[in-house]
Amino acid sequence: LVRCNLSQCCKLQANSSFATNGETTSEHAESCLTKAADHLQKAHEMLGEREMDPITWDMVSQELAATFLVLGVRRRQTMLGGGSVPVPLRLNPGRERSIVDPMNKALKIYEGMGNAHQTAAANYQLALFYAKIWTCQRDESKTREKLASAFRHYGAAHAYFSQAPVNDQPTFVILCLDLSSLYSAVGGEECLAKALDRCLDTTKSFSEDTVYDAFGLGPTDWFDKMLALASTVEERVFKLVQNLAKLEKDAGGGNKSAKWKDVYRAALTSKMGMKQSESPNDPALKLSQFHGLFEAIKTKRMQFS
């Protein structure tokens, strides 16, 4: 327990802007988090085995996994910046391991504890890392390897958050947008279609049932977040459908290959109906309209699957 308390002190220091010995703020935070993880690992060593004290062991494990995950995310953000957009920077193997290893340790601990939510969170963070570096590898083999890792971790996170409760729906929508961006970056009709499908996966996040459940959250900014995300999804969906229709047109083939044009027409028709019944002062109704728009596009899309 003393080790746990020392770990908490290190975490508090990591969040402070006070740095010593000529360290930058980022270096100071990383040093503190590393010390926090060391204290927790020594606490595990002192306990020996989980069977000796399961409650304390699990508490230490939970804190250790969280520390590893925060350490990995902080290093990723320091070296590569935030977001999921690929960066023109190739990391040497040592720097890559310094990011991936603590995240993988966190993932292994969460999986061992059966913590599905945090397992999905760790997978999401790993996916964001690989999505940023896959374009800057030394050869095609490494590029495919990193891209496959990004899709694998995204897939694991998507599987969980797609079934997550209403308070996690904003995270699910953001995850779908990130995964859609990765498919778009790969390019080609097949991947653009998958990018569209990932956007349309969010349809149920704006459904009447989801909105009804959201009222039970009490005073939150849930509706503001979801309205902003719905607009982003709408913009992305229309852009993808337009790009797919253009690819279709450029490829030729006459009327037999006008499926994306038909999807685009369905999207425009639904959008016009949404504008005619617009009610900007009612966020619940506005989300319902977005749901109707996405549902109409999804239905038309499924006809050509």
Got a donor-acceptor contact below 3.5 angstrom from the [X] side chain to the [Y] backbone?
X      : Y      : result
Glu189 : Leu247 : no
Asp168 : Ala164 : no
Asp221 : Asp224 : no
Ser231 : Leu227 : yes
Ser180 : Cys176 : no
Lys204 : Ser162 : yes
Ser270 : Ala267 : no
Arg76  : Gln125 : yes
Tyr110 : Ala66  : yes

Any side-chain heavy atom of [X] sitting closer than 4.5 Å to one from [Y]?
X      : Y      : answer
Thr67  : Thr34  : no
Asn115 : Gln62  : yes
His117 : Phe161 : yes
Gln303 : Lys259 : no
Leu196 : Leu192 : no
Thr210 : Trp222 : yes
Gln118 : Tyr160 : no
Met226 : Leu229 : yes

No-hydrogen, no-angle side-chain donor-acceptor test under 3.5 Å, [X] and [Y]:
X      : Y      : result
Thr143 : Gln137 : no
Arg236 : Ser184 : no
His158 : Asp201 : yes

- Query: Would Tyr183 and Phe151 satisfy ring-ring contact (aromatic ring centres under 6.0 Å, His included), going step by step from the backbone distance to the final call?
  - Reply: CA-CA 9 Å; Tyr183 276 117; Phe151 279 126; 4.6 Å; yes
Shortest non-hydrogen contact between [X] and [Y], atoms and distance:
X      : Y      : value
Arg74  : Glu30  : CD-N, 4.4 Å
Phe129 : Glu96  : CZ-CG, 3.5 Å
Ala230 : Phe294 : O-CZ, 3.6 Å
Val233 : Thr202 : CG1-OG1, 3.7 Å
Glu111 : Thr119 : N-OG1, 3.5 Å

Whether [Y] and [X] form a salt bridge (side-chain N of Lys/Arg under 4.0 Å from carboxylate O of Asp/Glu) is what I want to check.
X      : Y      : value
Glu145 : Lys142 : yes
Lys194 : Asp197 : no
Lys42  : Asp38  : no

- For atom CD of Gln242, is the number of surrounding heavy atoms from other residues, nucleotides or ligands below 6.0 Å larger than 12? yes
- Spatial distance of atom CG (Asn167) from atom CZ (Phe172) [nearest 0.5 Å]: 14.0 Å
- Query: Does the ring center of His153 lie less than 6.0 Å from the ring center of Tyr124?
  - Reply: no
- Listed partners of Arg144 passing side chain to side chain donor-acceptor pair (under 3.5 Å), at least two apart: Glu140
- Task: Please state whether the rings of Phe206 and Phe290 are parallel, tilted or perpendicular, taking 30° and 60° as the class boundaries.
- Result: tilted
